[in-house]
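Below you'll find the structure, written out as structure tokens, and then a few comments.
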Amino acid sequence: MADLVVDIQNTVPPLRIENRFAAGSTTAVVGPNGSGKTTLLRVLAGLVPGDDDSRIALGDQVFRDRTTVVPAYRRGVAMLSQDAGLFPHLSVRSNVAFAPSAQHLSRAEVTSRVDRWMAATGIAELADRKPGQLSGGQAQRVAIARALAAQPRILLLDEPFRALDVDVAGRLRALLRTILADRSRITVMVTHDLVDAVTLADEILVIESGRVAESGPTTDVLTSPASRFTATLSGLNLFVGTADETAGVCDDAGHRVGGTAGGAVTPGERAAAAFSPRAVAIYLHAAAGSPRTMLPGTVVDVAPRGEHALVRCDVGGQSVAAEVTWAAVADLALTAGLAVELVVKAADVRVYGLAAGA
């Protein structure tokens, strides 16, 4: 398997992206609306050509440069969006079989692939149904199976869970996490959801105004954000460490944030606790109560957030923000460099297992 190396230059819409997507990796692409995230996927897929100065190559195979333009159907790319896009006149089995059949494989190989991915996505019992007989979550499972049955070298995901309710999205996220763990393809996923990035992606690519604003390993980017957009992504704090047996996350210094598991979390694995700044209280001295939810920090900055203030603090190299009133800022004299105690409300914390390479 090879790396995917891109140097994309588009004038309409404007896009200037240079990046290397490692073989077998999953990268979350995030950024404000209109920043160019979906355009990036469409250029990778071959649906938007890119300007002549663009270059896209998977190892030694060039998809796009000044002299070469490989069409979409020859790139080994599958793209999945929030709309499952199933063929309404075909059964579930026929939808999943569409791509391998189009590849002119033997009947035995087509059957093998279809059976494998229908079993992996838990849709075997739906084989004879038509798309109109499926729920939204079932349709998206079929779409995932159809995409993977093509055995793509590159899998592109454009907010595939956005149209689903929270419980269904959680189950599909867990399914994809298991599938992507085999690292047999490069996956590039556009998302607005911090949980998608944390649980599925090894790397994050932040795009603002058509350019790369920040990139790197997921936990590095999200726990020590260099851009304002990343710092406020989904409005949540992310505390990274190791999961314990009681749905808590501990860092190397022994700081712990307890909460409730937001999915399958194995004790001892790398995990992240996600919580709103509103779940964080600030004290100048240790507060009464359980020490399991207390974090010593240092104020980094104080910024407006609507009618309240967002106080960003450093906790052992990780960024944790609290949303407080301006009266509290004045009463506590919160300024950069001040040592504080942060108390996190455990009931508002969800703990997720991190992607293997995050």
Side-chain angles (χ1 to χ4, degrees), residues 1 3-4 6 17 19-32 35-38 40-41 44 77-82 144 147-148 152-162 164 169-208 212-227 229-241 243 249 262-266 269-274 318-319 350-358:
M1 186 182 299
D3 293 353
L4 174 65
V6 304
I17 304 292
N19 197 64
R20 178 183 293 269
F21 299 92
S25 67
T26 297
T27 300
V29 180
V30 302
S35 59
K37 303 183 298 297
T38 295
L40 169 62
L41 295 194
L44 294 178
V77 175
M79 189 166 176
L80 182 66
S81 66
Q82 57 187 286
I144 292 171
L148 293 171
R153 294 178 294 173
I154 302 170
L155 177 63
L156 306 176
L157 305 173
D158 192 2
E159 300 197 77
F161 312 133
R162 192 172 189 178
L164 304 175
R171 289 194 292 272
L172 284 177
R173 191 179 293 116
L175 168 65
L176 264 182
R177 187 183 182 209
T178 299
I179 290 171
L180 297 180
D182 68 11
R183 299 192 172 276
S184 62
R185 66 197 67 80
I186 292 170
T187 302
V188 184
M189 171 183 63
V190 166
T191 183
H192 280 92
D193 195 325
L194 175 70
V195 176
D196 291 345
V198 169
T199 58
L200 298 176
D202 312 303
E203 302 272 329
I204 282 188
L205 186 68
V206 183
I207 300 178
E208 295 187 28
V212 177
E214 191 174 358
S215 65
T218 300
T219 53
D220 291 353
V221 171
L222 293 180
T223 57
S224 301
S227 68
F229 174 82
T230 312
T232 59
L233 178 63
S234 295
L236 294 177
N237 288 303
L238 194 70
F239 185 82
V240 174
V249 175
V265 182
T266 303
E269 78 170 326
R270 292 279 290 168
Q318 301 196 55
S319 179
R350 293 293 177 269
V351 175
Y352 301 93
L354 288 171

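Both backbone and side-chain heavy atoms feed into the values below; hydrogens, waters and symmetry mates do not.
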Are any non-hydrogen side-chain atoms of Thr26 and Leu155 less than 4.5 angstrom apart? no
With Arg153, which residues qualify under side-chain contact (heavy atoms from CB on, under 4.5 Å), at least two apart? Leu58, Gln61, Phe63
Residue of the set Leu156, Leu180, Ile154 for which side chain to side chain contact (heavy atoms under 4.5 Å, CB included) holds with Thr187: Leu180
Distance in Å, Leu172 CG paired with Arg177 CZ, rounded so as to fall on 0.5 Å steps: 15.0 Å
Distance in Å, Ile179 CD1 paired with Ile144 CD1, rounded so as to fall on 0.5 Å steps: 6.0 Å
Is there side-chain contact between Ile207 and Leu40, with heavy atoms separated by less than 4.5 Å? yes
Min side-chain heavy-atom separation Phe21-Val6 under 4.5 Å: yes
Non-neighbouring partners of Arg171 that pass salt bridge (charged side-chain N to carboxylate O under 4.0 Å, His left out), sequence neighbours left out: none
Identify, with sequence neighbours excluded, every residue that meets side-chain hydrogen bond (donor to acceptor under 3.5 Å, both in side chains) alongside Glu159. Arg162, His192
When you compare the side chain of Leu222 with that of Val198, does any pair of heavy atoms fall below 4.5 Å? yes
Would you check if there is a donor-acceptor pair between the side chains of Asp196 and Thr191 at a distance under 3.5 Å? yes
Residue pair Ser25 / Asp202, side-chain donor-acceptor N/O under 3.5 Å: no
Quick check: do Glu203 and Val221 have side-chain heavy atoms less than 4.5 Å from each other? no
